[in-house]
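Nothing fancy with the numbering, it's 1 onward along the sequence. Predicted model, so just to flag it, every value in this text is computed and none were measured.
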Amino acid sequence: AKNDTVYKCLNPVAFMEPVETFPLAPRLDTLDGKTICLSITGEPDTNIALEKRLKNDYPDVNWTTKKSYTPTPVELTEEEMKTTDGLIQSVCW
């Protein structure tokens, strides 16, 4: 290869347009004593470590877990929606 060879490549990410974001609900003031649902969708490989880490790092949270090893997440029931303070949706393929 010559030292004057120039290689050109395209960035697969391209240019990201700014996106306006807004919360769906107010941010919780604390996680202590709250009920958080961890909804796991897809392959369990990395989600096993995520679930273990969250439960270890936040022991005062009441964790519930819903698992679906398909592309479709398991929806919260009406009762769960009334009693759940937050939701973490984890998707991995």
Partner residues of [X] under the side-chain contact (heavy atoms from CB on, under 4.5 Å) criterion, sequence neighbours left out:
X	value
L31	L28, I36, Y58, V61
T30	D32, K34
K55	E51, W63, T65
E17	none

Does V6 sit in a hydrophobic cluster with other residues, and if so which ones, taking ILVMFWY side chains as linked at heavy-atom separations under 4.5 Å, directly or through other members? none

Tell me who clusters with L24, hydrophobic residues only, linked when side chains sit under 4.5 Å apart either directly or through other members. F22

Just how far is it from atom CG of D85 to atom CG of N62, taken to the nearest 0.5 Å? 8.5 Å

Pairwise distance NZ(K66) to OG1(T64) - rounded to 0.5 angstrom: 7.5 Å

Set of residues satisfying side chain to side chain donor-acceptor pair (under 3.5 Å) with respect to [X], sequence neighbours excluded:
X	answer
Q89	S39, T41
N56	none
R27	none
T77	E80

Does E79 offer a backbone N or O that forms a donor-acceptor pair with the side chain of T83 under 3.5 Å? yes

Taken in chain and number order and not counting sequence neighbours, the residues that satisfy salt bridge (charged side-chain N to carboxylate O under 4.0 Å, His left out) with D60 are none

Test log, rule side chain to side chain contact (heavy atoms under 4.5 Å, CB included), inputs I40 and S68: CA-CA 6 Å; I40 297 173; S68 168; over 6 Å; no

Minimum-distance pair of heavy atoms, taken over all atoms of S90 and L38: CB-CD1, 4.5 Å

